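So the structure is just underneath, and the comments pick up after that.
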Number of protein chains: 2
Amino acid sequence: MSLKFVLLTLLDREPRTGYDLVRTFETAVGYFWNASHQQVYRELGALADARLVKFKQVEQEDKPDKKIYSLSSSGQKALRLWLENPLKTQKNKDLLLVKLLNANSDNLSLMQEELQRNIHDSEVLQATYLKIEQRYYSAKQMRSLPVDQVMIYAALRKGILSIEAHLAWLSEVDKLLRKAFDK
Amino acid sequence: MSLKFVLLTLLDREPRTGYDLVRTFETAVGYFWNASHQQVYRELGALADARLVKFKQVEQEDKPDKKIYSLSSSGQKALRLWLENPLKTQKNKDLLLVKLLNANSDNLSLMQEELQRNIHDSEVLQATYLKIEQRYYSAKQMRSLPVDQVMIYAALRKGILSIEAHLAWLSEVDKLLRKAFDK
DNA sequence: AACTCATATGCACATTGTTGCATAATTTGT
DNA sequence: ACAAATTATGCAACAATGTGCATATGAGTT
């Protein structure tokens, strides 16, 4: 039920092809959602069957033909209805914690390796996010930020704040592990 | 593939019934995983078919019969193997951000209501977590914390740090929304 | 006697996600 | 001239997850 509303949201902002949607997941929206091209095309087919979206077939001479999808009026209604209903608070699942739950004095180094990998990956991602923020959302640029970009920026901020908290936690876990199982 | 290893992890720590596992999800492990009883029983059945777990049928006079599950030797091997392999970094999905992506000057109050609900829910959860920390993980209690409880505490810390970051982000979003669409 | 709660287990169906396969045109690089 | 990458779309099979429905016992409550 979720991907459906993600696609409706994106198509409401701007009509697109399936391919465009996939690239949007790979770039701007990737902070908080993603889906494979197979999923996207399947869901677009279902949405078209349900008359929530319509599409214009566009023939291109240089590239394969494409279908530009946009919301139908009942699609707009469905989206509006979804927006009016409160979200259920979502529960997160964290496999790293599941793994760490297995920590004992025998496999300590295994756990520490996993931690270090996670720290490294998080730092790389953090650096990426911060670079994007500096490059596209400087104080100067923020003054003239287009309204449709505001929540894209909010998504980036969410990524930055989450990673910061995650790194702080990883450092705590490292200490806890040492205290409990080292030597 | 994930629930499988969650159950193996929990059963390795201590043999349990399906019912016990569900209650574990509702309490201690709920910070980072949960599954319905239907999911748990189905997965236990699959694990038993695959000979990764075994169970002892226990007849009770006062209550319905129960099955106490524990790891078989191949279950222990499967768990160990999983622990040795690096985790893939997981991508998170955030429906709140999807909803906020629809923000405009017409539906601003709708978005703000959703934000306020989210802030409220987060604060309630935060208070709960902090109370648990005070009650069960005081400085004094931490000195004699059983080793098998260390990562349960780490899970709680993860919850606390995440919610803190989430609340900070929600406050940023509130400001961004006002600046962009208010008036 | 009827109702609710806690214990305890499970099937069936629907939705979602992943993997493999398939096609077709153009552009870019070697 | 050939190979690889990019643009563009989709089906089929299977794996995993989530939701609704169903059953049974015993304890305590109204």
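Letters go in sequence order (proteins before strands), and every chain restarts at 1. Computed from a predicted structure; not experimentally measured.
- Rounding to whole angstrom units, CE of residue M1(B) and P of dT18(C) are separated by 13 Å.
- A straight line from CG of L3(B) to P of dG17(C) spans 16 Å, rounded to a whole angstrom.
- At a non-hydrogen distance threshold of 4.0 Å, T17(A), G18(A), Y19(A) from residues 5-21 of chain A come into contact with DNA chain D.
- The stretch residues 113-125 of chain B participates, sequence neighbours left out, in these salt bridge (charged side-chain N to carboxylate O under 4.0 Å, His left out) pairs: K99(B)-E114(B), E114(B)-R117(B).
- Separating the CG atom of D49(A) from the P atom of dG10(D) is a distance of 11 Å, rounded to the nearest angstrom.
- Taking the nucleotide of DNA chain C with the nearest heavy atom to each of K88(B) and S2(A), the more 5' of the two is matched to S2(A).
- In this view, R135(B) and Q141(B) satisfy the side chain to side chain contact (heavy atoms under 4.5 Å, CB included) rule, not counting sequence neighbours.
- Under the side chain to side chain donor-acceptor pair (under 3.5 Å) criterion, S74(A) pairs with S72(A), sequence neighbours left out.
- Residue-environment remark: CD (Q57(B)) exceeds the threshold of 12 foreign heavy atoms within 6.0 Å.
- Distance, I68(A) CD1 to dT9(D) C1': 14 Å, rounded to whole Å.
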Please tabulate, one pair per line, each protein N/O and nucleotide N/O from nucleotides 23-26 of chain D that are separated by under 3.5 Å, including the distance.
unit_1  : atom_1 : unit_2 : atom_2 : d
dG26(D) : O4'    : D62(B) : O      : 3.3

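- V124(B) forms part of no hydrophobic cluster, judged by ILVMFWY side-chain heavy-atom separations under 4.5 Å.
- A donor-acceptor contact shorter than 3.5 Å is absent between the side chain of N85(B) and the backbone of W82(B).
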Sequence neighbours excluded and cut-off under 3.5 Å, please list the side-chain donor-acceptor pairs for residues 2-12 of chain B, or say none.
unit_1 : atom_1 : unit_2  : atom_2 : d
T9(B)  : OG1    : N102(A) : ND2    : 3.0
T9(B)  : OG1    : F5(B)   : O      : 2.8

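- Partners of D94(B) according to the salt bridge (Lys or Arg N to Asp or Glu O under 4.0 Å) rule, which considers only residues two or more places apart in sequence or in another chain, are K158(A).
- Set against dA8(D), dT17(D), dG10(D), the side chain of K66(A) has dA8(D) as its closest nucleotide.
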Can you list, pair by pair, the side-chain donor-acceptor contacts under 3.5 Å of residues 29-48 of chain A, counting residues two or more places apart and other chains?
unit_1 : atom_1 : unit_2 : atom_2 : d
S36(A) : OG     : Q39(A) : N      : 3.3
Q39(A) : OE1    : S36(A) : N      : 3.4
Y41(A) : OH     : Y19(A) : N      : 3.4

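- When the side-chain nitrogen and oxygen atoms of K93(B) are compared with OP1 and OP2 of dG17(C), one or more of them lie within a distance under 4.0 Å.
- Side-chain atoms of K67(A) lie closest to dG10(D) of the nucleotides dT7(C), dA16(D), dG10(D).
- Judged as a side chain to side chain donor-acceptor pair (under 3.5 Å), and not counting sequence neighbours, the contacts of R23(A) are D20(A).
- Heavy-atom distances under 4.0 Å link DNA chain D to S36(B), H37(B), Q38(B), Q39(B), R42(B) of residues 32-48 of chain B, given in residue order.
- For R157(A), the side chain to side chain donor-acceptor pair (under 3.5 Å) partners two or more places apart in sequence, or in a different chain, are E133(A), E172(B).
- Taking atom CG of residue D65(B) and atom C1' of nucleotide dG10(C), one finds them 14 Å apart after rounding to whole Å.
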